[in-house]
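See structure below.
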Number of protein chains: 2
Amino acid sequence: MNNTQRSTQTRTAILDEATRCFASEGYDATGVAEICEKAGVSKGAFYYHFDSKETVFLELIDSWLKNLEVTLQSVVSQSETVPTGLLDMAGRLQPVIEHNQEILGLFLELWSHASRNEKVRSATIAPYRRYQEIFAGLVRRGIAEGTLGEVDPIITGQLLLSLSSGLFLQASMDPTGADWGKVLHNSIDLILKGIERKDEK
Amino acid sequence: MNNTQRSTQTRTAILDEATRCFASEGYDATGVAEICEKAGVSKGAFYYHFDSKETVFLELIDSWLKNLEVTLQSVVSQSETVPTGLLDMAGRLQPVIEHNQEILGLFLELWSHASRNEKVRSATIAPYRRYQEIFAGLVRRGIAEGTLGEVDPIITGQLLLSLSSGLFLQASMDPTGADWGKVLHNSIDLILKGIERKDEK
DNA sequence: TATATAATACCGACCGGTCGTTATGTTATA
DNA sequence: TATAACATAACGACCGGTCGGTATTATATA
């Protein structure tokens, strides 16, 4: 195996294991030694590839938030109409909210550090505001195509994003407290009913 | 000053300062020494009154969640109709979401630890489920009094709670990212429009 | 092609410091 | 005087990060 191969191999091994640890135990409770042990590398390798534990975390959330944005964009752009697009989104989120504790845990870690650590905050807020914009754009499209009534796109977008975040939050806190996938689906249905265009008006 | 007086005085001093620290810096980043220093007491006093740092945190969130429940109950019970009750709630939450970083910070800390620490989880989930029940009961009342349409009370309650949580989350992460008070108000308005009884039907 | 040199990738013991907790001593109240 | 209510200092575990050294691979030289 050549240098670049084994380099990327240990790098990704560290990142993968760090993701798991951060998600399941939290950033603070996860030690560098622990990540290294589970990844099968030494501390030397860790600090050869990364400046600090913090940079690993930042790199993780960065790639993760970018991935999410791409996913959101593709779902939005592929949808025929806005209501079906929203339902598509709900369908995509459902398995995540129901089974993927890893993703939920990472989200939680992200949120709890974003409001205290300046670097994490700036790495989080920018993509998050773009998510708001994606949602708002979707609503605008819905108004333009006639499927949605005359609602405020920005407010409605923020409502949708807040609802998603809140559902993620509750699902990660209390996974068995409700059928979260169903709650998600019905919530979207309910909101859609509220913002869809009423013809009789 | 007699013994019981000064005892409760230092006790509450510790609890107050712990609240501030946990909220602004987070549980892990807050040291026992820091709490003691700001509260003007010694470590000896701290461990004379509390078993551990964790028990302080648990006591804090317990009283805090109980307070919240009382507040929710009172707002709900004092409202004339359900729609006005929801708008009242939004009005109550608005100053919190706009200005009170302390409360938001504590919430964040609560959430991030509830999914990892078993004691925190059990202390959190029980009241949270009661909140869901309060919201669901409010919706049921609305259907009964004829102000709301035939929506699912449980799902709608969870929707409302998720939305609130999500708004809290975003407001604490990105306080200047939006006029969160306005978003809250408009979101409630929008949902109300969706679930209010339509007479023409 | 064989060998020397250099650069890359990695190892693991160790350091400085922090943190929660405890053991012991001191003061105020009953 | 006895006990409750504190203060002080120290302990021991742990953790992020460093550093001298070692393989492993790449490159230059002959």
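A note on names: the letters A, B, ... follow the listed sequences, proteins ahead of strands, and every chain is numbered from 1.
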*May I ask you to say whether B:R116 pairs ionically with A:E109, meaning some side-chain N is under 4.0 Å from a carboxylate O?*
yes
*asked:* Could you work out, with side-chain hydrogen bond (donor to acceptor under 3.5 Å, both in side chains) as the rule, every residue matching B:Q9, not counting sequence neighbours?
replied: none
*Just how far, in rounded Å, is C1' of D:dA5 from NZ of B:K43?*
18 Å
*Who passes side-chain hydrogen bond (donor to acceptor under 3.5 Å, both in side chains) against B:S77, sequence neighbours left out?*
none
*Grab the CD1-P distance between A:I35 and D:dG17 for me, whole Å please.*
11 Å
*To the nearest Å, give me how far apart CD (A:E34) and P (D:dC15) are.*
8 Å
_Over 12 non-hydrogen atoms of neighbours within 6.0 angstrom of CD in B:E80_ = no
*What are the residues of residues 13-30 of chain A, sorted by number, that bring a heavy atom to within less than 4.0 Å of DNA chain C?*
none
*Taking CD from A:E54 and P from D:dC15, how many angstroms apart are they, rounded to a whole number?*
18 Å
*Does B:Y47 put a side-chain nitrogen or oxygen below 4.0 Å from OP1 or OP2 of C:dT22?*
no
*If you find the nucleotide of DNA chain C closest to B:A33 and the one closest to A:G40, which residue's nucleotide is nearer the 5' end?*
A:G40
*Atom CD of B:Q5 and atom P of C:dA28: how far apart are they, to the nearest Å?*
17 Å
*asked:* At under 4.0 Å between heavy atoms, how does the protein contact nucleotides 2-10 of chain C? Give one character per nucleotide, 5' to 3', with B, S or -.
replied: ------SBB
*Go through the structure and list residues passing side-chain hydrogen bond (donor to acceptor under 3.5 Å, both in side chains) with A:S165, not counting sequence neighbours.*
A:Y128
*For B:K53 and C:dG20, is the shortest distance between a side-chain N/O and OP1 or OP2 below 4.0 Å?*
yes
*asked:* Just to verify, what does A:T81 make a side-chain hydrogen bond (donor to acceptor under 3.5 Å, both in side chains) with, not counting sequence neighbours?
replied: A:T84
_Holding to ring-ring contact (aromatic ring centres under 6.0 Å, His included), I want the full list of residues that pass it with A:F107, two or more places apart in sequence or in another chain._
A:W64, A:W111, A:F168
*Rounded to whole angstrom units, what separation is found between the CZ atom of B:F50 and the P atom of D:dA5?*
13 Å
*Apply salt bridge (charged side-chain N to carboxylate O under 4.0 Å, His left out) to B:K119 and list each qualifying residue two or more places apart in sequence or on a separate chain.*
B:E54
*Give every residue pair that meets the ring pair (Phe, Tyr, Trp, His ring centres under 6.0 Å) criterion with at least one member in residues 8-32 of chain A, sequence neighbours excluded.*
A:F22-A:Y27, A:F22-A:F57, A:Y27-A:F57, A:Y27-A:H113
